[in-house]
Novice: 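The structure follows.
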2 protein chains.
Amino acid sequence: MKKKLLLITMVLGHMAVNAQTVKNENLVQYVKPIIGTQRMGHTYPGATVPFGMVQLSPETDTPSYVLNGKYNPDVYKYCAGYQYDDKTIVGFSHTHFSGTGHSDLGDILIMPTTGALQLNPGTADKPLSGYRSAFSHQNEVSEANYYKVKLDDHNITAELTSTTRVGVHQYTFPKADDAHIILDMMAGIYNYPEKNVWTYLRVVNDSTVIGFRQTNGWARTRVLYFAMSFSKAFIAHGFKNYDTKSVYRGFWGKFNANKNFPEIAGKQIKAWFDFKTGEGEKVKIKVALSPVSMDGALANMKAEAPGWDFNQIKEAGQKQWENELHKIVIQSPSVAEKQNFYTAMYHAMINPTIYMDLDGNYKGLDQNVHKADGFTNYTTFSLWDTYRALHPLFNIIDPKRNTDMVNSMLKHYDQSPEHMLPVWSNSGNENWCMSGYHSVAVIADAVIKGNVDFDANKALDACVATARHRDYEGIGEYMDKGYIPDERSGVSVSSTLEYAYDDWAIAQLAKKLNRNDIYEEFIKRSQNYKNVYDPKVGFMRPKLADGTFRKNFDALTTINQGFIEGNSWNYTLFAPQDPKGLIELMGGNKRVVRYLDSLFTMQLPDKFFAETEDITRDGIIGNYVHGNEPSHHVAYLYNWTDKPWKTQERIRMILKKMYGPAPDGLGGNDDTGQMSAWYIFSTIGFYPVAPGSDEYSIGSPAINNAVINLDNGKTFTIVVKNQSDKNVYIQKMTLNGKPLNGLTIKHSDITNGGELVFYMGSSHK
Amino acid sequence: MKKKLLLITMVLGHMAVNAQTVKNENLVQYVKPIIGTQRMGHTYPGATVPFGMVQLSPETDTPSYVLNGKYNPDVYKYCAGYQYDDKTIVGFSHTHFSGTGHSDLGDILIMPTTGALQLNPGTADKPLSGYRSAFSHQNEVSEANYYKVKLDDHNITAELTSTTRVGVHQYTFPKADDAHIILDMMAGIYNYPEKNVWTYLRVVNDSTVIGFRQTNGWARTRVLYFAMSFSKAFIAHGFKNYDTKSVYRGFWGKFNANKNFPEIAGKQIKAWFDFKTGEGEKVKIKVALSPVSMDGALANMKAEAPGWDFNQIKEAGQKQWENELHKIVIQSPSVAEKQNFYTAMYHAMINPTIYMDLDGNYKGLDQNVHKADGFTNYTTFSLWDTYRALHPLFNIIDPKRNTDMVNSMLKHYDQSPEHMLPVWSNSGNENWCMSGYHSVAVIADAVIKGNVDFDANKALDACVATARHRDYEGIGEYMDKGYIPDERSGVSVSSTLEYAYDDWAIAQLAKKLNRNDIYEEFIKRSQNYKNVYDPKVGFMRPKLADGTFRKNFDALTTINQGFIEGNSWNYTLFAPQDPKGLIELMGGNKRVVRYLDSLFTMQLPDKFFAETEDITRDGIIGNYVHGNEPSHHVAYLYNWTDKPWKTQERIRMILKKMYGPAPDGLGGNDDTGQMSAWYIFSTIGFYPVAPGSDEYSIGSPAINNAVINLDNGKTFTIVVKNQSDKNVYIQKMTLNGKPLNGLTIKHSDITNGGELVFYMGSSHK
């Protein structure tokens with residue numbers, strides 16, 4: 001009910017806008033960063049530019065990651081710091097993941113206050129017990145690169161914007177003799193006291209502060225440097241070190257180190273800055289980040305945000321977004337559709353994030369400082385998610401950026417002590433989250449699609465070295481036996497399936513580069529998915545080292561069943577590299593159609609929801625779990641059966657059910673843009689079922705027209721005739737005026753420019 | 001008794017050597033690094049080159065700095081890691097202070113072992129309970145840049161040597177299938193768990209390890225990077241992380257991260273490396289340090305110690321020592337005298353230490369990396385100690401190095417958040433230990449003596465800014481009232497006295513530079529010593545803010561009496577800038593002679609020894625405390641009375657009583673060479689009573705001849721006729737053949753070259 005009301009509000013807000021997209025139309029207006037901030041989306045409403053190093057956004061709570069020595073399940077909601085249902089804001093921090101299901105960051109939390117100085121954030125139920133403030137969504141504006149909120153308890157209006165490396169705050173104060181800016185270096189996302197390894201702050205002068213925050217979080221060894229500049233000189237400042245165990249906390253009593261002292265270092269540090277403000281006076285703060293040094297942060301600030309014109313910075317960032325959004329211009333009579341689409345575009349272009357100073361310096365996986373030579377270095381690679389549709393999307397709309405991401409991955413390989421391509425790369429650290437070695441799919445996909453601004457042979461070597469890393473999660477056993485034994489790994493089946501797909505991607509890359517021995521090795525490995533299929537039960541199933549299937553098995557359950565983020569019902573369909581072979585393995589066309597139908601329609605027992613990660617009833621259709629990625633290709637599998645119209649039907653159903661222009665409009669974690677990239681592809685009518693192939697599988701376009709503006713200057717136009725909520729079935733298609741008979745288009749069809757016309761109808765043929 | 005026996009042993013060891021020093025004589029043979037390693041000297045027996053960044057030396061115990069939440073007094077003995085009376089060695093670490101009374105460092109502890117792997121050091125009483133080993137002094141050799149010891153429990157002979165930035169280990173193993181090298185990153189001097197902020201280790205290949213150690217110790221924010229190379233490949237390695245609180249310790253079970261894994265990061269880390277060794281097989285290890293980066297450490301190793309010739313490295317370092325020692329060549333019939341003297345020379349040339357990579361990069365006080373441009377950057381400035389005689393010694397024998405030290409101090413000023421010259425500078429950190437701002441005396445002394453390879457006016461500005469830093473330890477009150485009120489500081493009297501002296505030094509510098517306003521201000525301030533003298537009791541005494549002296553007062557006690565490391569009896573004599581004025585203040589010649597006589601002869605109550613820091617009965621003559629620095633000029637004060645012969649008598653007595661060529665041969669902490677510098681000056685016949693003046697005060701030379709080889713190519717020769725243990729009184733002196741009638745010589749007398757002849761006798765004139 002609540003969702004519905006909000007939807008109406010948002011649609012009404014744009015009634016005046018022509019529902020048909022016009023050329024050079026402002027597309028930023030359709031971006032609703034608030035989408036996904038309620039429940040599972042794990043997006044954030046704050047300010048960022050495309051792929052920005054800074055993501056400046058409010059935290060509505062900062063629960064400790066560890067409670068009584070154990071994992072605190074409350075943190076999960078706060079992966080991006082913000083939950084729409086919360087009533088208070090703790091402060092504004094400068095780094096956030098977008099849509100992840102585990103977290104880190106939340107660095108350098110700033111909160112403006114008035115009244116008696118409070119250094120404790122207080123609790124959500126008693127906001128007055130600390131510096132946090134109540135707020136309401138009525139007083140909140142969230143746009144691309146702009147966030148505004150009224151902090152009720154302090155009578156302060158907060159506005160945020162950013163450049164790539166600088167977060168900019170604008171706080172409008174009431175008349176106050178006791179205005180403060182709190183800098184809480186103890187706050188953070190997924191924080192707990194031991195995570196704060198070290199903090200250093202230096203007050204350079206009455207309006208400049210520099211420092212760093214060193215953490216042991218999801219990024220195990222990470223230092224974030226920053227420089228902070230105030231538009232108005234503070235009249236006093238202070239520090240507090242909450243660490244009680246360090247012997248060397250102070251200055252031996254030589255100074256009064258708590259008041260107006262120029263520096264502090266320690267594990268648990270907070271600082272405050274005092275002001276007197278007139279009614280309506282704006283105090284602005286710029287915070288520049290650097291992965292390398294405080295000097296780097298200062299230089300980044302000087303270059304990117306030398307002045308104090310908040311609106312100019314906001315508008316420059318929105319201009320960047322406008323350029324990015326225009327890479328696909330859709331026409332739709334539905335404002336909601338445009339909001340969904342352009343918010344998906346927005347969410348798809350937040351991660352990976354730029355990770356280097358303006359001069360190219362960045363901290364590598366080897367803990368050394370490197371200079372990016374001829375490329376832009378990125379981090380925040382959630383590759384288990386993003387190899388599927390996000391990087392393929394970049395291969396179409398931003399190929400240069402995607403090759404820079406590959407270059408960053410290759411540098412990760414060079415610099416990682418394990419000499420492996422990234423699995424989940426965060427701020428110059430590898431956290432090995434999730435399974436597979438899907439970097440290889442990203443690399444293969446880029447090369448196959450002709451986006452090769454790197455040494456492809458060296459990249460293949462990195463792929464092969466990664467895939468042959470016997471010590472890593474059962475690869476040795478996988479190489480020896482063709483599957484990972486259940487004894488070796490708790491996720492032996494899903495990993496076997498993912499390795500097999502990745503191996504196929506390596507084989508495609510090797511073939512392209514005429515490296516035949518590697519092709520032979522890996523094309524053989526790519527068939528390993530068959531080794532964990534149990535024809536007796538018709539499911540992928542844990543296999544023991546002795547070659548027999550594990551007795552205890554439940555295809556509906558994920559945990560302890562050999563899978564991760566997907567049960568066997570979903571994962572059994574995971575052989576995107578070989579749908580034909582899979583169908584044959586599973587008993588042929590008829591059985592697989594029945595299997596797919598069952599998947600989308602079955603009623604699940606209640607315990608499923610209790611036991612499955614990241615899943616709510618909203619994120620699931622039957623037993624099909626769209627909120628987790630392993631099924632993202634599944635609706636397209638009907639294309640390999642005699643019922644491709646069911647793909648068209650299911651895709652439209654998923655688009656409708658799993659996405660909406662409201663805070664709870666994401667049916668699961670956005671996963672650094674993968675959920676959004678799925679939306680973008682499926683909305684314009686095709687999807688990369690197997691990245692590493694040059695083919696896209698046809699779905700059912702949900703817009704009337706889409707123009708892809710390619711960076712080679714050409715355009716690829718998708719015209720959809722007679723499309724509506726009911727007319728979801730393709731009657732025929734033409735490509736550049738000629739009939740398109742298959743269910744695929746090629747990447748070159750897009751990059752050569754041209755026109756794909758869909759003719760839709762209400763019944764399938 | 002023990003001491004005497006040892007003395008005989010050491011003398012016998014050199015019976016074959018001609019007792020008269022010959023030209024080009026090997027002087028390294030007289031260096032006994034073992035001097036001062038028993039009890040209070042706090043020197044170490046290990047290997048270092050002059051002013052080396054590496055000081056590679058054994059630890060005989062590593063007690064925790066904190067025990068049950070409180071300071072553990074046991075650590076004090078282990079300021080330099082080694083205590084002569086101990087029976088076991090824990091391992092060999094790469095950084096040590098020489099002679100300090102508080103500590104830090106002890107980084108990167110390495111221990112070779114055989115037998116079952118033990119990662120715990122074990123305890124001194126049960127060495128077999130851990131990796132430590134029993135040893136005996138019979139199997140120990142300690143030379144300049146060479147240390148050797150037999151590790152009895154492991155049947156391993158350990159040898160150590162070094163270059164400036166590289167420590168080199170040579171371990172001779174027995175035949176062993178289970179030989180190990182332990183790398184204990186949890187060990188350290190003045191260590192406790194919270195001091196280990198972060199540790200990173202990376203095994204680059206089977207014979208190279210790199211990493212860093214980040215600590216919160218006496219240096220609050222310090223990172224020491226290193227690179228470690230083995231002459232023989234290890235067959236396996238492992239890590240252990242003893243931290244139980246961090247959630248992010250491992251690798252999510254993807255790897256077996258404890259065995260042969262390439263990296264580890266955490267707060268409590270140990271590592272081991274396994275070998276098989278043949279009988280007598282030597283395994284060598286090089287450990288290069290860097291204050292900046294692991295790459296810096298690798299580059300330092302490559303440049304300074306590219307090969308594996310242990311003896312060549314040892315000899316090259318000893319050659320460096322030979323060059324340094326030859327700066328003063330003495331003749332003495334006494335081998336013990338030569339051992340005392342050249343060990344003093346050795347101990348005087350360990351600290352300050354070089355603190356930069358070979359390419360000039362170093363970490364500054366601002367936590368940024370800087371490049372030393374045109375100078376060598378130093379750290380380990382224990383200036384309260386060393387301004388007195390150590391830097392004046394450098395002004396004679398190593399003026400270029402001293403100006404580089406001044407340049408380093410000026411960079412410290414530039415880079416320190418407080419914009420102050422160093423007080424006690426350690427590894428790019430300021431610990432503010434002890435009182436005064438004696439950098440100014442070092443700078444003034446250098447300029448006055450013509451050693452000015454820096455911008456003297458800028459240096460004066462730094463001195464003035466430091467001396468006017470009102471927030472620092474009572475300077476504001478001192479400037480307002482002419483003294484620090486007792487209410488403001490627990491060491492108000494000694495600080496007032498030291499500030500007054502430092503102010504005089506600033507005045508001298510200002511005068512030299514024709515900065516008359518500054519001269520006037522500071523020459524006036526230099527008289528402030530008079531403000532804390534209470535003529536009623538005849539002592540310097542704590543004064544209250546209201547101008548009255550504090551009632552509760554005990555001139556024999558230090559603690560809570562307004563003094564630090566010296567009671568009022570000693571500190572009352574502290575106005576080296578104005579001995580004449582002080583004598584007048586204290587009631588004139590007769591009273592001061594009586595005061596001095598009392599000081600040297602009085603019997604102290606037992607409680608004095610219990611209450612006074614750093615003092616044993618060995619370190620004291622009457623109530624004169626030579627082991628602490630405030631009295632170092634005191635014996636020379638008779639020169640300003642009508643009894644200068646008493647200076648001569650006392651000096652010889654102090655030289656004899658406080659110094660000896662044995663492990664307990666230092667009557668107090670060597671204090672990074674200050675005690676040794678006092679010895680060197682006094683032994684050759686003069687002393688810089690007031691650094692910042694160009695005059696030296698005459699004492700009583702204890703050798704027959706000394707040639708100072710100046711870096712301008714000239715020599716200054718001190719000839720002492722008829723000198724003996726009894727002939728301590730000067731009968732007459734000539735300088736360059738002309739009678740010298742006063743009791744001073746000028747710095748230019750030395751640097752111009754020439755000959756000073758003393759004629760000694762057994763009775764004073």
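So that the names make sense, note that chain A is the first sequence line, chain B the second, and so on, each numbered from 1.
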Novice: Of all of A:S489, A:S293, A:S246, A:S435, which one pairs up most often with chain B through heavy atoms under 4.5 Å apart?
Specialist: A:S246
Novice: Any idea which of A:K254, A:R249, A:M294 has the most non-hydrogen atom pairs under 4.5 angstrom with chain B?
Specialist: A:K254
Novice: Please state whether the side chain, the backbone, both or neither of A:R488 comes within less than 4.5 Å of a heavy atom of chain B.
Specialist: side chain
Novice: Quick check on B:F261 against chain A: is it the side chain, the backbone, both or neither that has a heavy atom closer than 4.5 Å?
Specialist: side chain
Novice: Does B:R468 reach the main-chain N or O of B:A465 with its side chain, forming a donor-acceptor pair under 3.5 Å?
Specialist: no
Novice: In terms of heavy-atom proximity below 4.5 Å to chain B, should A:Y65 be classed as side chain, backbone, both, or neither?
Specialist: side chain
Novice: Does the side chain of A:V423 reach to within under 4.5 Å of the side chain of A:W384, using non-hydrogen atoms?
Specialist: no
Novice: Name the member of B:Q367, B:E418, B:K245, B:H419 that forms the most heavy-atom pairs with chain A at distances under 4.5 Å.
Specialist: B:E418
Novice: Quick one: what part of B:Y192 sits under 4.5 Å from any heavy atom of chain A, side chain, backbone, both or neither?
Specialist: side chain
Novice: Residues in side chain to side chain donor-acceptor pair (under 3.5 Å) with A:S439, at least two apart?
Specialist: none
Novice: Checking an interface table here. Which of residues 194-205 of chain B come within a heavy-atom distance under 4.5 Å of chain A?
Specialist: B:E194, B:V197, B:W198, B:Y200, B:R202
Novice: Testing B:D357, B:N300, B:D359 one by one against B:S290 for a side chain to side chain donor-acceptor pair (under 3.5 Å), which residue passes?
Specialist: B:D357
Novice: B:Y190 versus B:Y78: any side-chain heavy-atom pair under 4.5 Å?
Specialist: no
Novice: Check each atom of A:S416 against the heavy atoms of chain B and say whether the ones under 4.5 Å are side chain, backbone, both or neither.
Specialist: backbone
Novice: Side-chain contact test, heavy atoms from C-beta onward, threshold under 4.5 Å: evaluate it for A:F239 versus A:H237 and give yes or no.
Specialist: yes
Novice: What residue in A:F212, A:Y71, A:W218, A:Y225 has the most heavy-atom pairs under 4.5 Å with chain B?
Specialist: A:W218
Novice: Does any backbone or side-chain atom of B:D366 lie under 4.5 Å from a heavy atom of chain A? Answer side chain, backbone, both or neither.
Specialist: both
Novice: Which atom names give the shortest non-hydrogen contact between A:D74 and A:P63, and what distance separates them?
Specialist: O-CG, 3.9 Å
Novice: When you check the side-chain N and O atoms of B:H438 and B:D502, is any donor under 3.5 Å from an acceptor?
Specialist: yes
Novice: Please flag which part of A:Q214 lies under 4.5 Å from any non-hydrogen atom of chain B: side chain, backbone, both or neither.
Specialist: side chain
Novice: With salt bridge (charged side-chain N to carboxylate O under 4.0 Å, His left out) as the rule and sequence neighbours excluded, what pairs involving residues 205-226 of chain B come up?
Specialist: A:E263-B:R220, B:D107-B:R213, B:D107-B:R222
Novice: What residues form a side chain to side chain donor-acceptor pair (under 3.5 Å) with A:S425, not counting sequence neighbours?
Specialist: A:H412
Novice: Identify which of A:G211, A:A265, A:G69, A:G217 forms the greatest number of heavy-atom pairs closer than 4.5 Å to chain B.
Specialist: A:G217
Novice: For A:N426 and A:N431, test the side chains for any donor-to-acceptor distance below 3.5 angstrom and give the result as yes or no.
Specialist: no
Novice: Using distance alone, with no hydrogens and no angle criterion, decide if B:D471 and A:N256 have a side-chain donor and acceptor under 3.5 Å apart.
Specialist: no
